[in-house]
Amino acid sequence: MAARSVVVLPGDGIGPEVTDHALAVLESACAGAGVELVTERRLIGGCAIETEGRPLADETVAACQAADAVLLGAVGGPEWDHLTGDMRCESGLLRLRKELGVFANLRPVKVHPALAQRSTLKPEVIEGVDLVVVRELTGGIYFGQPRGREGSGPEETARDTMIYSRAEIERVTRVAFELARGRRGRLTSVDKQNVLVTSRLWRDVVNDVAADYADVELEHQLVDACAMRLVRAPRDFDVVVTENLFGDILTDEAGMLTGSLGMLPSASLGEPGGPGLYEPIHGSAPDIAGKGLANPLGSILCVAMMLRLSLDLPDAAAAVETAVDEVIDAGTLTPDLGGSANTNEVAAAVLAALANRLQPAAANA
């Protein structure tokens with residue numbers, strides 16, 4: 001069986017802590033599947049600025065483009081907040097997404113039964129929630145030109161530009177329709193067509209694509225109404241597709257349904273055959289870095305998504321997911337989920353549960 005190659009970008013803050021544990025799970029899963037794993041560590045974000053003078057080196061981009069997948073921790077911290085333009089930590093992340101061509105960000109939100117009491121919402125509202133947000137990732141206001149600030153005093157102005165092409169909207173919409181077709185057959189497209197011209201194009205394109213998916217039930221919803229519905233009736237959603245800015249906001253909101261952003265993974269995918277980018281949706285959380293408080297489950301679940309979507313090891317992916325479920329059921333949780341375990345203890349419990357599940361597979365190999 002061919003070796004799998006993964007570039008690891010631990011990043012800043014709690015990024016290295018959770019990524020190291022996720023990498024250990026990835027190594028264990030690949031070993032249990034009898035697959036050679038080749039990894040290469042690179043820098044991104046603030047640590048790259050300090051060492052390489054920029055948030056993302058060209059050599060790092062090239063390494064990521066040549067890999068099967070990329071595992072990312074988090075970027076940024078207060079010590080680099082004063083930087084502007086292309087020197088901002090986030091600029092390195094945006095560039096990486098653009099250079100890899102990963103235009104579709106998949107963020108699954110599934111409430112584990114044992115965690116229904118941990119959310120700030122009532123258990124009867126969130127029990128059974130199982131949805132996926134598909135966020136367009138390489139277009140929209142985060143990339144549009146012109147942008148910048150000019151002038152001074154009362155006349156100082158700032159400008160961002162939101163631009164979408166029909167092709168950009170169509171390709172991410174097809175990803176969402178295909179995903180919905182394989183789940184419960186429902187797709188919610190989120191826009192702001194009553195105000196934004198780009199959203200009117202978005203809705204037109206989604207309707208055009210829908211003609212190829214008669215088996216999927218499509219609904220349109222304005223972003224503000226969707227935000228309200230996510231906390232009022234989240235079980236209504238199956239697959240949600242939306243543009244970059246709206247997706248960024250809505251996925252953080254949806255993340256709180258599970259009780260903690262630390263629980264949620266994401267996969268950013270491009271054209272078939274290209275490398276996928278996997279990162280937990282939490283930030284670098286510099287205030288808890290090094291304290292053993294970081295929840296590693298989001299990063300570990302990123303590994304499960306990677307095994308399934310980029311490394312073609314679905315059985316290993318299922319084993320990781322089951323190991324995480326067993327650890328949650330056992331109550332081995334970090335403080336963000338109301339537990340008393342530290343980062344190392346949670347990760348060690350996942351590795352132990354995974355080892356138990358891989359032993360029968362190894363014996364039958």
Side-chain angles (χ1 to χ4, degrees), residues 18 105-135 176 179-180 182-190 216-242 246-267 279-283 285 293-302 304-305 308 317-318 320-341 346 349-350 353:
V18 297
N105 180 241
L106 278 58
R107 296 190 173 187
V109 180
K110 188 173 184 178
V111 176
H112 192 286
L115 297 179
Q117 300 288 339
R118 304 295 186 182
S119 173
T120 54
L121 298 178
K122 295 178 180 179
E124 57 264 31
V125 172
I126 63 169
E127 286 175 346
V129 167
D130 181 3
L131 62 93
V132 180
V133 180
V134 181
R135 168 189 171 193
L179 186 59
R183 286 172 51 90
R184 301 193 300 277
R186 301 202 311 271
L187 177 64
T188 303
S189 177
V190 177
V216 176
E217 177 186 348
L218 171 67
E219 67 169 344
H220 297 281
Q221 188 149 47
L222 298 178
V223 63
D224 43 351
C226 180
M228 177 181 67
R229 188 176 167 200
L230 265 176
V231 294
R232 181 176 58 83
R235 283 195 301 269
D236 287 354
F237 295 101
D238 180 18
V239 178
V240 178
V241 63
T242 191
F246 298 161
D248 194 359
I249 297 168
L250 290 176
T251 50
D252 273 18
E253 180 190 12
M256 292 312 298
L257 300 174
T258 67
S260 170
L261 287 178
M263 279 294 300
L264 297 185
S266 78
E279 56 180 309
I281 77 167
H282 61 68
L293 301 175
N295 185 346
L297 294 181
S299 192
I300 289 171
L301 288 171
C302 284
M305 295 186 77
R308 178 173 288 113
V320 172
E321 290 164 345
T322 302
V324 169
D325 286 343
E326 290 175 357
V327 168
I328 294 173
D329 285 335
T332 307
L333 306 170
T334 43
D336 59 308
L337 292 172
S340 58
V346 172
V350 173

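One is the number of the first residue; the rest follow in order along the sequence.
Of all heavy-atom pairs spanning Pro108 and Pro265, the tightest one is CD-O, 3.7 Å. Pairing each heavy atom of Asp329 with each of Ala114, the nearest pair is OD1-CB, 4.0 Å. Of all heavy-atom pairs spanning Glu321 and Ala304, the tightest one is CG-CB, 3.7 Å. Pro335 approaches Ala341 most closely through the heavy-atom pair CD-O, 3.5 Å. Taking every heavy atom of both residues into account, Val241 and Ala176 meet most closely at CB-CB, 3.6 Å. Nearest approach of Pro280 to Ser299, heavy atoms of both residues: CB-N, 3.9 Å.
Considering only heavy atoms from C-beta on, Val239 stays 4.5 Å or farther from Leu131 through its side chain. Residues Arg118 and His112 form no side-chain contact, since every pair of their non-hydrogen atoms from C-beta on lies 4.5 Å or further apart. A 4.5 Å side-chain heavy-atom check between Leu264 and Val109 finds at least one atom pair inside the cut-off. Val111 is not listed as a side-chain neighbour of Glu127, based on a closest heavy-atom distance of 4.5 Å or more. Between Pro234 and Val125, some side-chain heavy-atom pair lies under the 4.5 Å cut-off. Residues Met305 and Leu301 are not in side-chain contact: their nearest non-hydrogen atoms beyond the backbone lie 4.5 Å or more apart. For the pair Leu333 and Leu115, the minimum side-chain heavy-atom distance is below 4.5 Å. In this structure the side chain of Leu218 reaches within 4.5 angstrom of the side chain of Ser189, judged on heavy atoms.
The distance from the CD1 atom of Ile281 to the CG atom of Asp252 is 5.0 Å, given to the nearest 0.5 Å. A distance of 11.0 Å separates CG in Leu261 from CD in Glu253, rounded to the nearest 0.5 Å. Here the straight-line distance linking atom CG of Leu337 with atom OG1 of Thr334 works out to 5.0 Å at 0.5 Å rounding. Considering CG of Asn105 and OG1 of Thr251, their distance stands at 7.0 Å, rounded to 0.5 Å. Summarising the geometry, atom NE2 belonging to His282 is positioned 9.5 Å from atom CG belonging to Asp336; distances are rounded to the nearest 0.5 Å.
A donor-acceptor contact under 3.5 angstrom links the side chains of Thr188 and Glu219, judged on distance only.
Checked against side chain to side chain contact (heavy atoms under 4.5 Å, CB included), Thr242 has the following partners two or more places apart in sequence or in another chain: Val190, Phe246.
Between the side chain of Thr258 and the main chain of Gly255, a donor-acceptor pair closer than 3.5 Å is present. At distances below 3.5 Å, not a single donor-acceptor pair connects side-chain atoms of Arg135 with backbone N or O atoms of Leu250. Checking side-chain atoms of Ser266 against main-chain N and O of Glu279 turns up a donor-acceptor pair under 3.5 Å. In this structure a side-chain-to-backbone donor-acceptor pair under 3.5 Å is missing from Arg107 to Val134. Although no hydrogens or angles enter the test, the distance criterion places no donor-acceptor pair under 3.5 Å between the side chain of Asp130 and the main chain of Asp238.
When each of Arg229, Arg184, Arg186 is tested with Asp236 by the rule salt bridge (charged side-chain N to carboxylate O under 4.0 Å, His left out), just one qualifies, namely Arg229.
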